[in-house]
Amino acid sequence: MTSRCPLRLTILLCLAGAALSVNYGVLRFQLQSSTSACRELLRQLIRSPQYCLADTRDFQIPEEVKQPRQVQKEEAMVVMHEMLQQIFSLFCRNFSSPGWNETVMENLLEELHWQMDRLEEAMQQGEFPWESRTVHRLKTYYLGIIRYLKAKSYSRCAWTVVQVAILKNFSFLNGLIDALRD
Amino acid sequence: MPWTRRAVAMRLASLCLMVQAGPALGAPHRWPESSDESCIFSLTLRDFRPILSWELKNRSIMPTHYTLWHTDMSGSDVPLELVPECANTTRASCDLTQHWRSLTEMYLPRLVGSRGGATLVDCGGSIFPDTDMILEPPEFEVTGFEDHINVTLKFPPALPKLRPGEGLWLHLSLSIEEESEGVVKQHLLQIGEHTTGNFTYVIDKLAPNTNYCVSVCLKGNFLSKSQRSPWKCTRLPPRLDSEASAPAAVGGLVALLLAAVLGSALAILRQVGCICLRSKVPKALNLYGVPIWAFPERPALEAVAVAEVIPVHRKRRVWDYSYGDESDGEEAEPRASAGAYTTHGLAARPLCPGPPSSATPGAGEEAEALMASEGPGSWGAERTGGAYEGPGPWPAERTGRASEGPGRSWGAGRAYEGPGPWPAERTGRASEGEAGAWPADPFPQEDSSPTESPGDRIFFNVDLSSVLVRVPDGEDSGAPAVFGPPEETGGLEDSEDSTPGPEEAPCGECDTSTSNAGLGGGYMMR
């Protein structure tokens with residue numbers, strides 16, 4: 001009886017560790033599905049961007065986010081979390097709603113929030129580079145977007161330009177999600 | 001100079017046209033406000049080439065020529081550019097391989113439709129390839145074999161030459177699905193720069209004589225829009241070689257082996273007797289249907305007479321207690337009355353037939369009569385012949401009735417059991433007995449049967465050459481009748497005439513004790 005207790009405890013710990021360990025395959029699939037949904041929702045919000053050619057702006061997203069190459073899994077998760085959080089924050093400002101579909105907007109925010117929750121759960125164990133250079137540049141990138149909006153007085157074309165930029169962000173997120181491989 | 005005036009006129013006309021088509025053909029930095037969204041644009045990746053096609057919402061408007069411009073929202077202040085391949089084209093589509101190279105860019109096409117120089121439509125739109133581009137499946141052919149299918153895919157001979165990292169076909173995979181009996185299997189092929197021309201993909205490990213359907217589609221790394229091809233089906237031919245029946249043959253062999261093992265096990269169990277026990281009675285014990293014979297009357301038990309067997313020497317001389325007499329000693333004159341020896345065993349009277357009460361007077365007299373009959377000559381002659389000269393065959397029942405009848409006893413002797421001649425020794429003795437007197441034939445011919453019943457005679461097989469048969473003494477004889485060897489019965493001739501032989505002694509008076517005393521130790525006295 002006494003000899004079985006350590007064995008059982010060991011087995012229990014192993015099972016708990018296995019249960020708590022991140023299944024990156026499942027996480028990758030979940031994030032890809034959610035990101036694809038966000039792209040579709042955001043695409044619905046963008047209307048007639050051809051008329052905002054005069055307001056187009058290159059916000060200069062970090063190159064390592066645009067084309068991630070040999071990025072570590074932990075850094076990719078940090079970057080994704082930062083992007084999702086910034087996008088969520090950006091759309092929550094809603095300084096002006098130039099005729100956006102509220103249902104679509106709500107669904108978009110829910111998807112963003114869900115992705116952040118999944119990432120935060122997966123990032124409970126382990127060490128992550130929260131203060132990396134990529135994260136800092138991202139913060140600068142999104143600050144520039146906010147300043148642009150302010151400068152354009154959150155006009156319809158300004159928001160359209162921002163939406164187009166965010167739409168590209170989701171495409172970049174897919175690249176980062178692809179880095180989450182076992 | 002007439003051609004000079006014409007040239008000037010043509011230049012002016014072209015300028016007007018250019019001015020008139022300025023918004024469409026020029027390089028405006030702004031999007032013309034006249035452009036609307038009366039067109040529906042669609043981007044399709046076909047043979048690794050992005051093809052933009054359009055359709056007018058108002059179908060009543062039927063331009064004959066189209067001209068396409070495009071730009072993007074990269075923020076680089078890209079002007080609206082004319083697509084030369086699609087200027088004043090009559091097709092409703094345009095190949096933008098050399099113009100649209102990024103999946104993550106918002107492209108802005110502008111279409112001007114005209115007829116006869118008149119602009120009928122000026123529309124624009126936006127295309128984001130990563131979300132809007134439709135992946136069209138490649139052309140393919142299906143060829144079925146016994147156990148595999150060859151899927152021949154038709155790709156363009158070469159990929160568009162773009163800068164590295166550019167091209168809408170990047171990060172794509174080809175999905176080949178096979179379906180049979182409701183089961184779908186997917187095969188993924190990664191498409192790269194070397195995926196050009198026609199190549200064949202083999203789907204193996206298939207079941208022969210089965211219908212299979214194949215469909216292909218392109219898939220992007222991201223969940224982009226994919227268009228699946230129609231199913232192409234083929235039925236695999238049946239397997240012709242022996243390998244097709246191998247599973248069936250193996251199954252048959254296994255079944256045969258199992259049957260053989262089971263049969264042998266049952267046979268062993270049956271042989272041991274554990275199963276299939278016989279319930280049939282052996283034929284020897286099967287009495288059903290066997291006719292039951294009513295056994296006849298129980299035969300009478302074989303009469304067994306008590307006979308006293310007295311061994312006797314063949315030659316015996318009677319000593320007359322005369323020491324001086326050199327003579328060999330006359331043999332004691334046998335007294336006929338003492339009885340006579342007989343070596344005949346053909347028939348003899350029982351020595352002691354039984355209790356006196358049961359004895360019949362006639363039996364003893366009969367015995368005497370038999371013994372005192374004819375002389376030895378006749379006796380011997382008859383006996384040397386050795387043949388039973390009875391009226392008929394020797395009755396077999398005589399032997400069985402040796403003990404029959406009370407009062408009949410027979411001395412030791414050998415009963416003649418057959419019609420054959422008497423044994424030779426008997427003949428010799430018979431000849432020896434010529435000198436002497438043979439006792440009377442105890443069974444004279446005339447007395448063999450008519451005077452007595454067959455049941456009165458008792459016969460048994462006794463060697464009379466070594467025994468004496470003692471007949472109980474008669475009432476008047478005074479001497480027991482004795483039957484003995486012929487040489488010892490010399491005096492019988494004299495006695496047979498006057499004195500009754502031993503046969504005359506009634507059997508009923510036979511007394512072993514007295515006879516024994518007379519014999520003096522077992523010998524018969526004459």
Side-chain angles (χ1 to χ4, degrees), chain A residues 28-61 63 65-69 141 144-145 148 152 157-181, chain B residues 23 27-39 41 43 68-81 102-111 122-133 163-166 168 170-173 190 219-226:
Chain A
R28 187 171 67 253
F29 178 79
Q30 293 175 343
L31 294 177
Q32 282 181 348
S33 300
S34 181
T35 301
S36 297
C38 291
R39 286 189 307 168
E40 296 294 330
L41 292 171
L42 188 58
R43 186 68 180 92
Q44 297 179 17
L45 295 177
I46 300 174
R47 293 184 177 183
S48 304
Q50 63 273 22
Y51 298 111
C52 302
L53 281 174
D55 298 323
T56 59
R57 178 70 67 86
D58 186 5
F59 299 103
Q60 297 180 356
I61 190 169
E63 193 66 24
V65 176
K66 188 174 181 179
Q67 293 181 356
R69 294 177 181 178
Y141 166 78
I145 291 176
Y148 168 82
K152 294 290 182 177
C157 284
W159 276 113
T160 300
V161 170
V162 171
Q163 288 175 355
V164 171
I166 300 303
L167 186 61
K168 295 178 182 180
N169 284 190
F170 285 119
S171 296
F172 302 147
L173 278 171
N174 277 328
L176 294 170
I177 293 171
D178 194 52
L180 300 180
R181 293 185 181 274
Chain B
H29 294 278
R30 294 187 179 180
W31 190 267
E33 295 180 358
S34 60
S35 175
D36 56 12
E37 294 180 348
S38 59
C39 302
F41 291 94
L43 183 65
L68 183 65
W69 283 272
H70 74 97
T71 186
D72 57 43
M73 297 184 64
S74 60
S76 304
D77 197 16
V78 176
L80 196 62
E81 292 181 357
S102 177
L103 287 171
T104 60
E105 191 60 67
M106 182 67 75
Y107 294 101
L108 304 176
R110 181 188 176 192
L111 180 68
D122 186 353
C123 59
S126 61
I127 297 295
F128 192 75
D130 196 22
T131 58
D132 300 333
M133 186 172 63
R163 285 177 292 183
E166 294 182 348
L168 300 183
L170 295 178
H171 311 291
L172 295 179
S173 60
Q190 196 68 28
K219 290 187 176 182
N221 290 337
F222 318 122
L223 299 179
S224 57
K225 298 178 181 178
S226 300

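Worth knowing before you read on, the calculation uses all heavy atoms, side chains too, and leaves out hydrogens, waters and symmetry mates. Chain letters run A, B, ... following the sequence lines, proteins first and then strands; every chain starts at 1. Values in this document were obtained by computation on a predicted structure and should not be read as measured data.
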Going by heavy atoms in the side chains, are A/Y51 and B/E37 under 4.5 Å from each other? yes
Proximal component of B/D72, with respect to chain A [non-hydrogen, under 4.5 Å]: backbone
What part of A/F172 lies closer than 4.5 angstrom to a heavy atom of chain B: side chain, backbone, both or neither? side chain
Under 4.5 Å from any heavy atom of chain B - which part of A/T35: neither
Between A/D178 and A/R28, does any NZ, NE, NH1 or NH2 come within less than 4.0 Å of an OD or OE carboxylate oxygen? no
Sort out for me which of A/D55, A/D58, A/L167, A/V164 touches chain B most, counting heavy-atom pairs under 4.5 Å. A/L167
Does the pair A/K168/B/E105 count as a salt bridge with the N-to-O cut at 4.0 Å? yes
Please check this pair: side chain of A/S34 against backbone of A/L31, looking for a donor-acceptor N/O pair closer than 3.5 Å. no
Evaluation steps, ring pair (Phe, Tyr, Trp, His ring centres under 6.0 Å), between B/Y107 and B/F128: CA-CA 6 Å; B/Y107 294 101; B/F128 192 75; 8.7 Å; no
Counting only heavy atoms closer than 4.5 Å, note whether A/R43 contacts chain B via side chain, backbone, both or neither. side chain
